[in-house]
Visitor: 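Could you have a look at this structure, given as structure tokens, before my questions?
Everything quoted here is computed from the prediction, not taken from an experiment.
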Amino acid sequence: MLKIDDISYSIQGRQLFDGAGVSIPDGHKVGIVGRNGTGKTTLFKLIRGELSLDGGTITMPKGKRWGGVAQEVPSNEVSLLDTVIAADTERAELMIEAETATDPNRISEIHIRLADIDAWSAEGRASAILKGLGFDSDEQLMPCSAFSGGWRMRVALAAVLFAAPDLLLLDEPTNYLDLEGAVWLETYLAKYPHTVMIISHDRGLLNRSVGAILHLDNQKLTLYNTPYDLFVKQRAEQRAVQAAAAQKQATAKAHMQAFVDRFKAKASKAKQAQSRVKAIERMVPISSPEEAAQQRFSFPEPEELSPPIITMENASVGYGDDVVLRGLDLRIDQDDRIALLGKNGQGKSTLSKLLADRLAPMTGEVTRSRKLRIGYFAQHQIDELQPTETPLEHLTSLRPGLSPSKLRAMLAGFGLPADTVNTVVTKLSGGQKARLSLLLATLDAPHLLILDEPTNHLDIESREGLVEALTAYSGAVVLVSHDMHLLSLVADRLWLVQNGQVDVFEDDLKAYRKMLLASPNENKASAKAKNDAADSDKQHQKTAPKKTLDNNRILKLQKEVAECEDRIAKLEEMRVKVDAFLADPTIYNAERRDDMIKWQSKQSEVAKAVERAEKLWEEAVAALEKAQ
């Protein structure tokens, strides 16, 4: 159990925690929420011991390990797979010690512990995590230096998940993930066997991956044993009760004060007046709850253009001679709200650049309305802001004819108040930079707004404000986002980008999420069912002899699958026996050296045999599915 007891902490004279406390039972999944600046990230630093408390204690049971995403992202020549495997330092140390240990009892202890931590399956487990976060088999063998900072952040996340600490601390883990990676992480964390604490503004993650919300407010910590949406409901009810109590107290206090003011000079009423003064002094003030200010956005409205605003006919696009997308026949009208779906690397950003006229088509035609204005927001544009300029200076350079008061009003409309407009960009928060970039992208009242991961640095209140602004906006919107809550509220059309094509996804986001979570075999079965339905007429035309041949082949393949499963089961039994022999301390005595070498060799042979048997089983299952 993590126990936070009566902690106090201040920074630069500002109190963040004052007598705050909470206990997190082992195995709990907790989402941490609170307004920006309340101290969420600071709390993690206090738990990790990076900062010293002013008062109180934070304790964990002895021997428990905490872990979080490393600040130093790997950029060396080590492969992604080896980088992730190396994160389990206990396994790495035991594997090294196993090579040099000479004491039979210690060698036995090492092998028992390696078996306990499932050391022999490390490569498969690490590979599965990397695959879930978007790295295919070939990429997993590439060096970390071959990837950009955002992708290396995924490697750092994969490493801490593989290490599986007893307390997992994650600060905005979906910021560098696409929708597919975020959905995978939701399910992975929900099944994580130890305690998890997550700072996140992703409602989907907070609703599906955690069972409790830790709220930081008014320098205190309050634990709600509910997912996020239920927390919001409970919090609203509490605020209503608190506001009513504060109003009732204020009314009572005003009534008593009026009595004192009226009768304090009258001798006959002096005693009663004095008793009311004491009653007022004894009152414990009930403060009216402070509303979490929604960060609003105010998009300028474009004039209406005749549809369509963009059409593509057999267009292709890519970089140099490398074609990324081909055969594009698409149309966008000004009232469209389109979400681009598809795994990273499939071409969503490439399509966005083509729509924004930042990439020219390699072949085919792309026709845009003559008066079309396009606003484009991508995460890299935040880095393109002038670091030594203020928001006001950014805006002045683009609108030199407007008065400072009007420019300040425009900045305020994007959640940049007076105390930030003269702050240089390097000192702005990530959310403030994102709001400034959104303002610059929409400054010309675009007819088409293309947003590539607009919510990465926005808090929940800002995300809700963005949803409201996009809903009211009269231009077309094309969205790429890992925030399924945003997509579900804004988008009414879904385009799936995969295999060099862009197709309309006819189902909804729930169906897409289900498709992402399904195993490859389930997806193949689903695709097969659709193909079978489309080809039902052809199936009816098959002759009886052909059906007989197919049935015989299916029976044969079913038998082959069953034989493969039996073979794997026998090999697993053999592996247990081999491990048992190697767990016997006496086998490491000098006089039994030959036995030790024989059984270690058997262990390696069995492991390879299991790998081969599983591959044969996969091939047999695939052949059976195809035949069926």
Visitor: Are any side-chain N or O atoms of Asn175 and backbone N or O atoms of Asn456, one a donor and one an acceptor, separated by less than 3.5 Å?
Guide: yes
Visitor: Is a side-chain N or O of Arg152 found less than 3.5 angstrom from the main chain of Phe147, in a donor-acceptor match?
Guide: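 Pair found, side chain donor or acceptor close to backbone of Phe147.
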Visitor: Please tell me if the side chains of Glu123 and Leu81 come closer than 4.5 Å, counting only heavy atoms from C-beta onward.
Guide: yes
Visitor: Enter the distance from Leu325:CG to Gln498:CD here, rounded to the nearest 0.5 Å.
Guide: 11.5 Å
Visitor: Distance only, no hydrogens: is a donor on one side chain within 3.5 Å (strictly under) of an acceptor on the other, for Gln140 and Ser79?
Guide: no
Visitor: Kindly give the heavy-atom pair with the smallest separation between Ala212 and Asn225, and that separation in Å.
Guide: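 For Ala212 and Asn225, the tightest heavy-atom pair comes out as CB-OD1, 3.9 Å.
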Visitor: Less than 4.5 Å apart, any side-chain heavy atom of Thr59 and any of Met1?
Guide: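 SC-SC contact between Thr59 and Met1 ruled out.
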Visitor: Under 4.0 Å between a Lys/Arg side-chain N and an Asp/Glu carboxylate O for Arg463 and Asp483?
Guide: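 Result for this pair is yes, salt bridge flagged.
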Visitor: Less than 4.0 angstrom from a charged side-chain N to a carboxylate O is my criterion; do Glu90 and Arg65 meet it?
Guide: no
Visitor: Taking Gly342's backbone N and O only, do any of them form a donor-acceptor pair with Tyr512's side chain (distance below 3.5 Å, no angle check)?
Guide: yes
Visitor: Within the side chain of Lys29, is there an N or O that forms a donor-acceptor pair under 3.5 Å with the backbone of Tyr192?
Guide: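 Present.
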Visitor: Can you list everything that forms a side chain to side chain donor-acceptor pair (under 3.5 Å) with Arg203? Sequence neighbours excluded, please.
Guide: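 Arg203: side chain to side chain donor-acceptor pair (under 3.5 Å) contacts with Asp229, Glu464.
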Visitor: Which value, rounded to the nearest 0.5 Å, describes the distance between Ile24 atom CD1 and Leu167 atom CG?
Guide: 9.0 Å
Visitor: Would you check, one step at a time, whether the test side chain to side chain contact (heavy atoms under 4.5 Å, CB included) holds for Tyr224 with Leu214?
Guide: CA-CA 6 Å; Tyr224 295 78; Leu214 182 61; over 6 Å; no
Visitor: Would you call Lys514 and Asp507 a salt bridge, using N to O less than 4.0 angstrom?
Guide: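 No salt bridge links Lys514 with Asp507.
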Visitor: Does the side chain of Phe44 reach to within under 4.5 Å of the side chain of Ile199, using non-hydrogen atoms?
Guide: yes
Visitor: Mark yes when over 12 heavy atoms from residues, nucleotides or ligands other than Glu50 sit less than 6.0 Å from its CD; otherwise mark no.
Guide: yes
Visitor: Measuring from atom OG of Ser349 to atom CG of Asn344, what distance do you get when rounded to the nearest 0.5 angstrom?
Guide: 7.0 Å
Visitor: Just do the side chain to side chain contact (heavy atoms under 4.5 Å, CB included) check on Ile47 and Trp66 with the steps written out, would you?
Guide: CA-CA 9 Å; Ile47 292 172; Trp66 65 263; 5.6 Å; no
Visitor: So do Met484 and Val183 actually touch side chain to side chain, heavy atoms under 4.5 Å?
Guide: yes
Visitor: Quick one: CD1 on Ile11 to NZ on Lys45, what's the gap to the nearest 0.5 Å?
Guide: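 Answer for the CD1-NZ pair, Ile11 versus Lys45, is 7.5 Å.
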Visitor: Going by the rule side chain to side chain donor-acceptor pair (under 3.5 Å), which residues pair with Ser121 if we only count those two or more places apart in sequence or in a different chain?
Guide: Asp118, Arg125
Visitor: Using a 6.0 Å cut-off, check whether atom NZ of Lys220 has over 12 heavy atoms from anything other than its own residue.
Guide: yes
Visitor: Would Val497 and Leu341 count as a side chain to side chain contact (heavy atoms under 4.5 Å, CB included) here? Give the steps.
Guide: CA-CA 6 Å; Val497 184; Leu341 309 178; over 6 Å; no
Visitor: Just by modelled atom types, is the Leu206 backbone N or O under 3.5 Å from a matching donor or acceptor in the Ser209 side chain?
Guide: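 Pair absent, no side-chain N/O of Ser209 close to backbone of Leu206.
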Visitor: Looking at Lys40 and Gly34, would you say the former's side chain and the latter's main chain have a donor-acceptor pair under 3.5 Å?
Guide: yes
Visitor: Taking the side chain as every heavy atom from C-beta outward, state whether Leu46 and Phe17 have any atom pair closer than 4.5 Å.
Guide: yes
Visitor: Assess whether a salt bridge exists between Glu97 and Arg106, defined as any Lys/Arg side-chain N lying under 4.0 Å from an Asp/Glu carboxylate O.
Guide: yes
Visitor: Would you say the side chain of Arg154 lies within less than 4.5 Å of the side chain of Leu177, judging by non-hydrogen atoms?
Guide: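 The answer is yes; the side chains approach within 4.5 Å.
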Visitor: Taking Ile96's backbone N and O only, do any of them form a donor-acceptor pair with Glu99's side chain (distance below 3.5 Å, no angle check)?
Guide: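 No.
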Visitor: Side chain to side chain contact (heavy atoms under 4.5 Å, CB included), that's the test. Do Leu340 and Leu351 meet it? Break it down for me.
Guide: CA-CA 9 Å; Leu340 301 185; Leu351 177 59; 4.0 Å; yes
Visitor: Test Asp54 against Ser10 for side-chain hydrogen bond (donor to acceptor under 3.5 Å, both in side chains), laying out the working first.
Guide: CA-CA 7 Å; Asp54 296 337; Ser10 61; 3.3 Å; yes
Visitor: Can you see which heavy atom on Arg208 is nearest to which on Ala190, and at what distance?
Guide: O-CB, 3.9 Å
Visitor: Within a reach of under 6.0 Å around CD of Gln501, are more than 12 heavy atoms found that belong to other residues, nucleotides or ligands?
Guide: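 Result for CD/Gln501: enclosed.
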Visitor: How long is the gap from CE on Met95 to CG on Leu114, to the nearest 0.5 Å?
Guide: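 The distance works out to 6.5 Å.
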Visitor: Do the side-chain N and O atoms of Tyr176 and Glu453 include a donor-acceptor pair separated by under 3.5 angstrom?
Guide: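 Side chains of Tyr176 and Glu453: no pair found under 3.5 Å.
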Visitor: Which distance, rounded to the nearest 0.5 Å, do you find between the CG of Leu221 and the CG of Leu43?
Guide: 6.0 Å
Visitor: Could you pull out all residues at least two apart from His28 that satisfy ring pair (Phe, Tyr, Trp, His ring centres under 6.0 Å)?
Guide: none
Visitor: Any side-chain donor-acceptor pair under 3.5 Å between Thr41 and Asp171?
Guide: yes
Visitor: Any idea which heavy atoms bring Cys144 and Val155 closest together, and the distance?
Guide: SG-CG1, 4.4 Å
Visitor: Going by distance alone, is a donor N or O of one side chain under 3.5 Å from an acceptor N or O of the other, for Ser462 and Asp459?
Guide: yes
Visitor: Measure across Gly347 and Val324 and return the closest heavy-atom pair with its distance rounded to 0.1 Å.
Guide: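 Closest pair (atom of Gly347, atom of Val324, distance): CA-CG1, 3.9 Å.
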Visitor: Among Thr195, Ile198, Leu161, Val69, which residue satisfies the side-chain contact (heavy atoms from CB on, under 4.5 Å) criterion with Leu168?
Guide: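 Running side-chain contact (heavy atoms from CB on, under 4.5 Å) over Thr195, Ile198, Leu161, Val69 with Leu168 returns exactly one hit, Leu161.
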Visitor: Measure across Gly431 and Leu458 and return the closest heavy-atom pair with its distance rounded to 0.1 Å.
Guide: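 Nearest pair, atom of Gly431 first, then Leu458: O-CD2, 3.9 Å.
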Visitor: Do Tyr319 and Thr350 have side-chain atoms, one donor and one acceptor, less than 3.5 Å apart?
Guide: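 Yes, Thr350 and Tyr319 have a side-chain donor paired with an acceptor closer than 3.5 Å.
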Visitor: With a 4.0 Å cut-off, would you call Arg513 and Glu186 a salt bridge?
Guide: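 Looking at Arg513 and Glu186, the cut-off is met.
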Visitor: Considering only heavy atoms from C-beta outward, does the side chain of Val30 approach that of Ile213 to under 4.5 Å?
Guide: no
Visitor: Testing the 3.5 Å rule here: is there a donor-acceptor pair between the side chains of Asn76 and Ser145?
Guide: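 Result is no, nothing qualifies.
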Visitor: Quick one: do Glu180 and Lys343 make a salt bridge, cutoff under 4.0 Å?
Guide: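 Here Glu180 does not pair with Lys343 in a salt bridge, since their nearest N and O are not under 4.0 Å apart.
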Visitor: Taking all non-hydrogen atoms of both residues into account, name the closest pair between Leu179 and Ser481 and its distance.
Guide: CB-O, 3.6 Å
Visitor: Considering only heavy atoms from C-beta outward, does the side chain of Phe377 approach that of Asp452 to under 4.5 Å?
Guide: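 No, side chains not in contact.
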